[in-house]
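Comments concern the structure below.
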Protein chains: 2
Amino acid sequence: MDSTVATERALDAAERLFYQRGIQTVGMDDIRTASGLSLKRLYQLFPAKERLVEAYLERRDARWRQRLAEYVEQYENPERPAEAGDRVLAVFDWLGEWFAEPDFNGCAWINSYGELGATSESVARQVRLHKAAFKGYVVELVERAGLPSGLGDPVFLLAEGAMVTAAITRSTEPAAQAAQAARVLIAAGRQG
Amino acid sequence: MDSTVATERALDAAERLFYQRGIQTVGMDDIRTASGLSLKRLYQLFPAKERLVEAYLERRDARWRQRLAEYVEQYENPERPAEAGDRVLAVFDWLGEWFAEPDFNGCAWINSYGELGATSESVARQVRLHKAAFKGYVVELVERAGLPSGLGDPVFLLAEGAMVTAAITRSTEPAAQAAQAARVLIAAGRQG
DNA sequence: GACTCTAGAGAACGCTCGTTCTCCTGGGTA
DNA sequence: TACCCAGGAGAACGAGCGTTCTCTAGAGTC
């Protein structure tokens with residue numbers, strides 16, 4: 001089997017299991033079984049579990065942010081004059097769809113941070129990078145909408161709060177609640 | 001040694017270690033060493049590690065919410081006509097002080113949920129109870145301030161987002177940012 | 001003073017899990 | 001055909017850890 005195909009299979013299995021059950025409770029044996037690869041092959045591709053965890057978070061980060069950006073770009077419709085803030089609010093629509101996915105289990109980075117942030121410096125670093133990138137994206141959307149850039153902070157906090165709460169309560173509501181609050185903040189920001 | 005004293009010592013050690021390093025990475029041996037109790041005594045008081053975890057979360061929940069309520073009550077000053085929402089905003093002041101504590105390591109329940117929410121039903125249940133109680137308290141503050149009770153949701157989400165972000169970025173700023181957003185929402189709510 | 005019960009110190013047990021090793025098969029190559 | 005070697009299956013190793021067991025000391029009681 002091609003090495004890139006094997007890597008992908010390993011990461012697919014790792015992502016599914018790590019995200020669903022947590023990192024520490026999933027053993028390399030579980031990943032072997034789920035991926036159909038041998039332990040030998042797994043350790044050739046990822047010399048230690050920690051490397052696999054890093055690769056899992058990296059790949060998921062790229063995909064998560066890309067999916068978000070693709071969704072938000074729908075709202076960049078040149079045909080109609082976009083309301084300032086439409087694309088900012090689209091973030092919460094996307095969160096709502098994500099929360100509704102059957103295998104939604106919270107934010108992978110918040111979960112990983114709770115599990116390993118205190119122990120693994122590499123995990124902590126990746127979580128910080130992911131959150132900084134997400135926040136940077138939110139700020140960028142705010143600024144491109146011509147809104148005061150200070151709006152980025154509370155919008156980001158609302159999104160984080162919605163992710164955590166959706167996970168714990170197993171509900172999609174927080175997305176709509178956060179969206180509504182963001183709408184009010186945007187309206188206030190436009191006046192001020 | 002008195003049994004209640006021993007229980008307290010066990011919980012003190014457990015809380016310090018679990019909160020700082022996570023639950024799974026702390027062994028019963030670590031708790032024995034830190035508490036000065038023997039394993040035998042520990043297992044008399046808590047027949048399994050899971051019981052100790054439950055007791056840790058329960059005791060911390062009671063103390064956390066009591067400290068918050070005590071702080072907020074300062075703002076219940078009958079001498080002056082309190083601004084509606086003062087006590088709601090006091091929640092964020094208190095969060096800011098908490099974030100600044102040297103051993104602050106995020107929200108114990110969010111962390112525990114990330115670590116064990118998928119594995120341990122008892123942990124998941126306690127996290128949900130704690131968050132429901134906190135949210136209930138926020139809603140109560142909002143209503144007692146004569147504000148529209150729908151304001152409870154976004155204020156709660158801002159608080160959650162602030163906790164998560166303060167932990168990951170190791171910064172106290174999110175408390176002030178969330179407070180500022182809450183101020184705007186409250187002002188808008190008073191008008192609407 | 002003999003007995004009993006509690007508790008301390010820490011060894012021991014059994015299981016899990018990350019990692020490595022052994023043995024074997026099969027395909028490519030001179 | 002003889003050789004080589006990448007890879008598969010899974011046993012084996014070693015450490016960590018939750019839990020229990022052993023042995024001992026001491027305090028309370030008749």
Side-chain angles (χ1 to χ4, degrees), chain A residues 1-57 111-112 114-123 126, chain B residues 1-57 111-112 114-123 126:
Chain A
M1 185 192 300
D2 191 348
S3 181
T4 63
V5 175
T7 301
E8 214 156 306
R9 289 207 189 164
L11 285 174
D12 286 347
E15 180 162 4
R16 187 155 22 94
L17 293 173
F18 285 158
Y19 179 64
Q20 214 59 235
R21 316 212 311 246
I23 292 170
Q24 299 197 75
T25 52
V26 171
M28 293 298 279
D29 248 36
D30 298 319
I31 290 168
R32 167 177 72 169
T33 304
S35 69
L37 300 173
S38 67
L39 274 183
K40 195 173 198 173
R41 199 85 153 94
L42 264 182
Y43 274 90
Q44 270 179 359
L45 300 168
F46 304 96
K49 189 185 182 185
E50 201 178 358
R51 293 289 107 69
L52 186 55
V53 172
E54 288 167 11
Y56 147 59
L57 290 175
N111 292 347
S112 301
E115 202 177 341
L116 296 170
T119 316
S120 160
E121 190 45 48
S122 83
V123 166
Q126 281 195 71
Chain B
M1 184 191 302
D2 191 348
S3 181
T4 63
V5 175
T7 301
E8 213 157 306
R9 289 206 189 165
L11 284 174
D12 286 346
E15 180 163 1
R16 187 154 23 93
L17 294 172
F18 285 158
Y19 179 64
Q20 214 58 236
R21 315 211 314 243
I23 292 170
Q24 300 196 75
T25 53
V26 171
M28 293 299 278
D29 249 35
D30 298 319
I31 290 169
R32 166 178 72 170
T33 304
S35 68
L37 300 173
S38 67
L39 274 183
K40 195 172 199 173
R41 199 83 152 98
L42 264 182
Y43 274 90
Q44 270 179 0
L45 300 168
F46 303 97
K49 190 185 181 184
E50 201 178 359
R51 292 290 107 68
L52 186 55
V53 172
E54 287 167 12
Y56 148 60
L57 290 175
N111 292 346
S112 302
E115 203 179 339
L116 296 169
T119 317
S120 159
E121 190 46 48
S122 83
V123 166
Q126 282 195 71

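Below, chain A is the first sequence line, B the second, and so on; all start at residue 1. Being a predicted model, the structure only gives us computed values, none of them experimental.
- Ion pair Arg9(A)/Asp12(A) not flagged as a salt bridge, since none of the NZ, NE, NH1 or NH2 atoms sits closer than 4.0 Å to an Asp/Glu carboxylate oxygen.
- Checked by atom type and distance alone, the side chain of Ser120(B) never pairs as donor or acceptor with a backbone atom of Leu116(B) at under 3.5 Å.
- When rounded to the nearest whole Å, the span between CZ of Arg41(A) and C1' of dC5(D) equals 14 Å.
- Two residues, Lys40(A) and Leu39(B), neighbour DNA chain D, and the one matched to the more 5' nucleotide by heavy-atom proximity is Lys40(A).
- The stretch residues 12-35 of chain B touches DNA chain D through Val26(B), Gly27(B), Met28(B), each having a heavy atom within less than 4.0 Å of the strand.
- Distance Leu45(A) CG to dG8(D) P: 9 Å, rounded to the nearest Å.
- Judged by distance alone, with hydrogens and angles left aside, the side-chain atoms of Glu115(B) form a donor-acceptor pair with the main-chain N or O of Gln24(B) at under 3.5 Å.
- One can place CG of Leu42(A) at 13 Å from C1' of dA9(D), the figure rounded to the nearest angstrom.
- Across Ile31(B), Thr7(B), Asp29(B), a single residue satisfies side chain to side chain contact (heavy atoms under 4.5 Å, CB included) together with Leu42(B), and that is Ile31(B).
- Leu52(A) places a side-chain heavy atom less than 4.5 Å from the side chain of Leu11(A).
- Atom CG in Leu52(B) sits about 10 Å away from atom P in dT19(D), given to the nearest Å.
- The nucleotide whose nearest atom lies closest to any side-chain atom of Ser38(A) is, among dA9(C), dT20(C), dG8(D), dG8(D).
- Rounded to a whole Å, the CZ atom of Phe46(B) is 15 Å from the P atom of dG18(D).
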Test log, rule side chain to side chain contact (heavy atoms under 4.5 Å, CB included), inputs Tyr43(A) and Met28(A): CA-CA 9 Å; Tyr43(A) 274 90; Met28(A) 293 298 279; 3.4 Å; yes
